[in-house]
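Here is how names work: the chains are called A, B, and so on, in the same order as the sequence lines, proteins then strands, and each is numbered from 1.
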Amino acid sequence: MLLREVEYARPGTIDEAVRLLAEHDGARPLAGGQTLVNVMKQRAAAPDVLIDLAALGELREISVSGDTLELGAMATLTQIVDSSEVDVARPILAEVARTVADVQVRNRGTIGGNVCVNDPTNHFPPLLVAVGATMTVRGIGGERTVPAEEFFVGVYLTAVGEGELLTRISVPARGPGSGDGFAGVTIGAHGTYIVNAAATVADGSARVVLGCVDAVPVLLELDQAHEASARKAVEAASLEPPSDVHASAEYRRHLAGVSAVRAVRQATERARG
Amino acid sequence: MTEAPTITTEQQETTLQKGWIGQSIPRKEDKRLVQGQGTFFDDVRRHGMGYVHFVRSPYAHARIVSIDVTAALELEGVYGTITGDEVAIHTDPFFEMSVEPGGNIKDYALAVGRVRHMGEPVAAVCAATRELARDAAELIEVEYEPLPVLVDGEEALKDEVVLHDDAGSNVVWQGVFDWGDWEQAKAEADHVVKIDRLHFHRFSSTPLECAGALVEYDKGTGEWTIHCNHQMPGVGAIWMAPALRTGIDKLRFVTQDIGGAFGNKICLHPQFVVLCLLARKLGRPVQWTEWRTDQHTANAHGNERTFLDIEVAVKADGEMTGFSVRAIDDCGAFPRYEPLGCIIWAQVTPGCYAWRNIRVDFTQVCTNKSPVSPNRGYSRMQHLWLTERIVDIVATGLGLDPVEVRKRNYVKAEQMPYETPNGCVYDSGDYARCLDIALDLVGYDSLEERRRDAESRGKLLGFGIGSTLDSGTNNFGQSQLLNPDLQFSGNNEAATVKLDIFGEVVVTLGTVPQGQGHETTAAQVVADIIGCSPEQVNVRRGHDTWFNSSAGFSGTYASQFAFTGLGAVKGAAELLRDEMIQLAAAVLQAEPAQIELADGQARLKDNPEAAIPFMGLGAIVNANNAFLPPEFNPTLNHRYVCRPHFGVVDTEAKTGQLTLTYATQVHACVVEVDPDTGLTEIVDYAAVDDCGVRIHPQIVEGQVHGATAHAIGAALHENFVYDEEGTLLTANFYDYHVPHAMDIPPLKTGAIESPSPVAPLGAKGMGEGGGGGIHCICSAIQDALRSGGHAVYVYDSCNPSHRVWEMMQGSTAEVSR
Amino acid sequence: MKVEGTKELPASRETVWTVLNDPAQMAKLMPGVESFEVQDDRRWTAKVKLPLGIGGLKMTINFEKLEERPPEFSSLNAKGTGVGAMMNMTTSFTLSGEGDHTSMAWEADVRIAGPVGSMGQRVLQPIVNQQVGNVLNALEQQVAAVQTG
Amino acid sequence: MSATPARDRTIAVEINGEQVELEVPARRLLVHFIRDDLGLTGTHVGCDTGNCGACTIHVDGEAVKSCMLLAVQADGASIRTVEGLAADGELTALQQSFSTHHALQCGYCTPGMLMSATALLERNPRPSEEDVRYALQGNICRCTGYVNIVEAVVAAGKGA
């Protein structure tokens with residue numbers, strides 16, 4: 001409950017934030033803090049300097065440009081739930097955001113934080129891979145983009161390097177005849193996922209992404225958006241999920257199949273309209 | 001004796017009209033609590049206080065090689081430290097209740113030489129701020145040498161790894177209870193149903209407020225004041241004073257508002273002794289707040305119990321005549337309140353049933369897990385789960401209807417009061433009627449229709465019943481059935497009631513309320529007796545040893561407030577009433593029989609104009625008493641100790657009145673299991689309660705709701721699971737999932753009232769419940785899985801999705817007949 | 001938790017042995033080493049910060065060589081102390097192969113005690129796998145560097 | 001707020017309508033700032049992982065868990081705690097409803113529940129039972145089984 005000593009700064013611009021991150025060894029960006037502060041309370045991880053991104057208003061913006069939904073990394077989950085842009089462009093994001101933790105956490109927790117933490121049970125890593133999101137990362141030398149598929153590197157590890165900042169997540173708007181689904185099994189209603197699966201269906205094919213079964217989201221591309229092919233793809237993936245108190249590896253493997261099928265079913269139904 | 005019970009359901013509510021008693025008046029506690037004006041222990045501040053942080057063992061079992069506090073002491077703002085070595089010098093081990101070998105265990109306030117469970121405190125540090133105390137705790141270097149770890153109760157019996165060298169065995173207590181004639185019942189049975197193994201898991205009520213205290217030491221008097229949330233200070237003092245080598249008069253416990261306790265705040269004496277030593281050593285008030293992870297790893301788990309080699313004697317017509325079982329109770333690293341759990345279950349030996357021949361071979365062992373402590377439904381819940389599992393497994397195995405088999409075997413209303421094979425007396429009740437109401441509430445008639453509907457949606461529907469008793473008012477004499485040398489028997493509770501100068505009615509309690517609304521119900525009782533409104537009655541918040549209203553067993557536990565707590569209030573109020581009448585008679589120059597107390601006045605029954613307000617009575621005695629005759633010396637200040645009568649237990653036959661009142665709770669539920677995931681959803685739920693006279697029906701219903709939510713959590717999620725290294729895997733609310741608002745289905749409640757013939761107000765204790773929700777959910781999951789073609793018996797009390805799924809894959813307990 | 005595997009390396013057993021048994025070279029294999037101190041030829045200490053996205057996990061790790069049979073087998077014990085966690089790892093490797101090819105069979109038994117052990121169970125396995133992967137990649141590079149250098 | 005990292009900060013917050021300025025260590029949680037530094041002990045702590053919601057307060061009108069924020073993060077914010085609900089001593093309809101419906105037993109979770117429910121009612125003055133359960137998901141109560149809490153909030157919404 002009681003944190004180690006830490007230094008705190010609240011820069012006013014993104015450039016300043018990036019500079020501070022680069023200048024200070026052991027500096028971490030602080031977004032909503034709904035994971036980071038908790039981890040610091042356990043003293044499990046202890047950043048030396050927190051760079052609070054709260055004052056960077058531009059990182060909170062949600063907008064649509066052309067066929068792309070642009071989410072500022074500091075957009076809160078509540079913003080995403082309430083956003084009419086999200087509702088029009090890619091409603092699955094709001095639908096999933098609505099089931100993350102609870103109101104209080106959604107009020108503070110950000111989409112950028114959710115993906116940068118990359119806890120294997122988090123909602124957005126598999127979803128963003130499924131929808132083919134692109135992540136924009138800013139460093140002292142400038143900006144680069146990383147496809148979501150390459151963004152998640154390991155447990156608690158992403159492509160965001162030391163001294164860098166995730167600034168924007170770009171999600172293609174849902175096209176006609178396409179559909180998204182999300183399914184899984186949680187511990188209690190809206191609780192931590194034991195296994196989850198996100199699916200997008202377009203033109204008869206599907207992308208299914210499994211969460212909680214490996215260090216990073218597992219992408220399965222299906223030629224045919226069928227429940228049976230989803231089941232087969234999960235079997236073929238020879239998953240070796242971790243065991244814990246909530247699920248054995250075997251049970252997780254089974255749930256991966258069930259979740260994939262359910263997500264594909266939902267996505268297919270929606271693709272049909 | 002027994003009036004026709006009244007029935008209430010959600011829709012319609014009728015209550016006994018007896019003045020204030022029986023009315024759901026607004027609680028006196030609420031106004032402060034809804035404004036954040038309650039005072040909980042962590043809200044108490046003192047000048048110069050220091051914050052304490054415990055250094056805890058990361059290992060489940062290890063030898064402590066060395067502890068170095070130097071670096072911690074060098075940190076600026078650190079006031080001091082304490083280690084096990086100092087504790088061993090300045091205190092004696094806590095009193096143990098067991099006979100040998102458990103009685104030889106040495107339990108100190110901090111680990112001495114060896115740690116026996118993850119999270120066990122090995123040292124403590126006190127500093128100027130909370131954060132600094134934790135910083136300093138990190139600087140205390142402890143070197144451990146890990147030892148082999150024991151996490152399984154059955155394994156413990158082998159004594160290959162022994163936790164306590166002083167005991168020489170992991171067995172704390174062992175004994176056989178043999179009532180009736182099991183062998184004969186078995187010989188005469190038409191079926192003997194055998195169940196190899198059932199397991200009741202570890203969980204606890206995890207009150208939202210963790211434990212803690214602020215302790216002040218008065219050097220001049222040698223007295224400690226402990227501002228805390230201990231729920232049983234009477235017994236806490238009995239543990240602490242001898243350990244601290246002082247008298248009970250030197251320990252003052254003060255509680256105010258308490259954020260729930262459920263039995264989990266009974267075994268706080270080890271930490272409190274450390275605080276007492278630190279307060280004395282450092283010469284300043286010290287404060288300790290337990291954090292959730294500490295609470296989960298090292299405070300209070302419920303007893304884990306494994307039932308082996310169960311045999312049940314059943315007649316051809318479905319009558320069950322007895323059962324035999326071997327029980328292994330795992331109490332964790334230290335017995336503390338144990339081995340009382342080895343006997344408390346015997347208050348409900350036959351459960352709700354008329355079994356006459358029961359044999360229980362009971363063993364309690366230590367393992368490298370958190371010590372246990374009483375937990376809502378303490379020890380009886382485990383046993384009631386056994387009886388309900390037996391009934392459902394027998395019914396399923398023999399193809400009997402679960403409702404019919406219950407009704408056939410329940411103790412009948414006309415048999416009340418009913419003496420159990422071990423000499424307990426079920427005072428009143430009508431179990432079959434409670435069951436009928438519960439069935440009605442969950443729409444039992446339409447069950448098969450709903451089953452088909454669920455199947456059409458790919459779900460397996462199941463129905464289950466949990467019939468339980470909440471035995472209230474502990475006879476401490478039952479401890480003599482475990483250890484005949486113990487000098488404990490009976491029970492008691494105290495209260496005072498006084499009338500002050502301006503007519504204030506002030507009540508103090510020995511009980512330690514934690515949400516049960518004692519201030520309100522005590523005021524209702526006093527108001528009815530002395531004739532005023534509950535608003536006029538000021539019931540002091542919490543417990544204070546200096547109130548002089550505590551007795552040896554003071555506290556709030558064992559579902560006994562309605563009996564002992566209110567019994568004490570009633571006794572004191574009646575003494576006050578009698579004196580007020582005498583005083584009024586003297587002043588009004590009338591006979592006492594002519595006086596009535598009503599509307600805050602003492603007046604002549606036949607001439608209400610001739611009245612003295614309470615203020616007048618209070619002023620006469622306290623401030624204007626010169627005219628009273630010398631031989632008449634009223635005090636208007638009365639203390640009463642309620643001492644229930646149990647009689648003496650028979651230590652040979654192991655029989656006796658172990659408790660006094662038996663509230664009934666019959667639960668019924670309908671669940672839907674998802675065969676693809678093993679997830680269970682509760683789609684209908686009803687709890688029917690019969691606790692005799694309900695002083696405050698709304699509070700009673702609230703307790704029923706709360707006990708049900710605990711049971712639902714325990715049945716589906718809450719589980720303290722250890723890995724083989726003794727690491728607790730569910731040390732926080734992430735992994736130890738307690739139900740939130742979306743997890744609890746709408747609960748239907750019903751009630752009947754079978755007044756207790758033995759309780760002072762006809763009211764039975766009922767707060768604990770008997771874990772009815774666990775029983776009925778296990779029962780319903782079994783029904784659901786069997787309806788899906790899985791020939792399984794639910795063998796564990798906790799059934800999260802993975803276990804249900806595993807059962808569907810074919811793993812189950814062995815049952816034969 | 002036990003993890004094991006084999007790694008094929010395009011170098012002689014002697015080269016691989018040298019890399020694995022020289023504390024200074026070994027330090028380069030481990031992730032997030034901040035300082036490294038050699039007590040004697042059997043014992044050394046490293047201060048590491050495991051680089052996790054949520055902030056580094058700091059640990060002081062004491063290594064002790066248990067057994068060695070050059071150039072075939074070596075085992076060592078590593079005891080790590082960090083806040084909220086105690087790590088205890090016993091690891092060993094067996095080298096085989098001829099000429100410029102070495103096959104390394106390795107195994108490790110990792111135990112984490114304390115609150116982090118409680119909290120981290122579902123991620124521990126992937127994290128350990130990940131760190132092992134890093135170590136093996138680093139080993140490959142280091143071996144290559146020794147060969148060319 | 002400065003962009004130079006520092007271990008201590010002087011922060012200014014408006015709390016229940018009053019302006020406060022105080023130096024705090026950067027590591028101090030907002031809940032401890034509120035309880036220990038400001039003495040507003042109505043906000044409670046029930047866990048150490050952000051699950052229980054006993055510490056729920058409003059920051060700039062939104063319900064948040066004050067154990068998952070640093071005090072320095074609240075610099076410049078407007079805060080409302082349970083003490084700010086019945087500022088004039090007159091219970092709000094929701095507080096009254098909690099008492100009427102016996103929506104509290106020990107009262108420890110109550111301040112957080114009230115803050116979550118108040119935030120809900122401000123956004124949605126007539127919530128359904130389902131809305132209420134959804135909005136209170138982040139608040140654990142171990143006494144009531146939530147039945148009466150849900151009832152109390154629904155009733156407060158209906159103006160009952």
- Query: Pick from A/Leu50, A/Thr78, A/Leu30, A/Thr13: which one has the most heavy-atom pairs with chain D under 4.5 Å?
  - Reply: A/Leu30
- A/Arg98 to D/Tyr134 six-membered ring, cation-pi geometry met (6.0 Å, 45°): yes
- Query: Got a sec: does the CG of A/Asp25 have more than 12 other heavy atoms crowding it under 6.0 Å?
  - Reply: no
- If you round to the nearest 0.5 Å, how far is CG of D/Asp75 from OH of A/Tyr8? 7.0 Å
- Under 3.5 Å donor-acceptor, D/Arg7 side chain and A/Glu7 backbone: no
- Can you tell which part of D/Arg133 gets under 4.5 Å to a heavy atom of chain A, answering side chain, backbone, both or neither? neither
- Task: Taking atom CZ of A/Arg265 as the centre, report whether more than 12 heavy atoms of other residues, nucleotides or ligands fall under 6.0 Å from it.
- Result: yes
- Message: Quick check on A/Ala101 against chain D: is it the side chain, the backbone, both or neither that has a heavy atom closer than 4.5 Å?
- Response: backbone
- Message: Can you confirm whether A/Leu2 sits close enough to D/Leu29 that some side-chain heavy atom of one is under 4.5 Å from a side-chain heavy atom of the other?
- Response: no
- Would you say D/Arg27's side chain and A/Met40's backbone share a donor-acceptor pair under 3.5 angstrom? no
- Write out, in numerical order, the residues from residues 31-54 of chain D with a heavy atom short of 4.5 Å from a heavy atom in chain A. D/Val31, D/His32, D/Val45, D/Cys47, D/Asp48, D/Thr49, D/Gly50, D/Gly53
- Can you list the residues that meet the side chain to side chain donor-acceptor pair (under 3.5 Å) rule with D/Thr81, with sequence neighbours excluded? D/Asn16, D/Glu83
- Message: Between A/Arg10 and D/Gln73 (side chain of the first, backbone of the second, donor and acceptor by atom type, cut-off under 3.5 Å), is there such a pair?
- Response: yes
- State, with a plain yes or no, whether a side-chain heavy atom of D/Glu62 is found less than 4.5 Å away from one of A/Thr76. no
- Query: Is the number of heavy atoms from other residues, nucleotides or ligands under 6.0 Å of D/Glu23 CD greater than 12?
  - Reply: yes
- Looking only at A/Asn107, A/Leu20, A/Val103, most heavy-atom pairs under 4.5 Å shared with chain D are made by A/Asn107
- Query: How far apart are the closest heavy atoms of D/Ala3 and A/Pro11, and which atoms are they?
  - Reply: CB-CA, 3.8 Å
- Please flag which part of A/Ala189 lies under 4.5 Å from any non-hydrogen atom of chain D: side chain, backbone, both or neither. backbone
- Query: So with a 6.0 Å cut-off around CD of D/Gln19, is the heavy-atom count from everything else above 12?
  - Reply: yes
- Pick from A/Gln34, A/Gln104, A/Arg106 with the largest number of heavy-atom pairs that fall under 4.5 Å of chain D: A/Gln104
- So do the side chains of A/Thr99 and D/Gln137 get within less than 4.5 Å of each other, counting heavy atoms only? no
- Structural part of A/Val49 lying under 4.5 Å from a heavy atom of chain D: side chain
- Item | Partner chain A: residue of D/Gly138, D/Gly76, D/Pro5 with the largest heavy-atom pair count (under 4.5 Å) | D/Pro5
- side-chain contact (heavy atoms from CB on, under 4.5 Å) assessment of D/Leu70 paired with A/Leu3: CA-CA 10 Å; D/Leu70 305 174; A/Leu3 288 68; 3.6 Å; yes
- Segment of A/Glu5 engaging chain D (4.5 angstrom heavy-atom cut-off): both
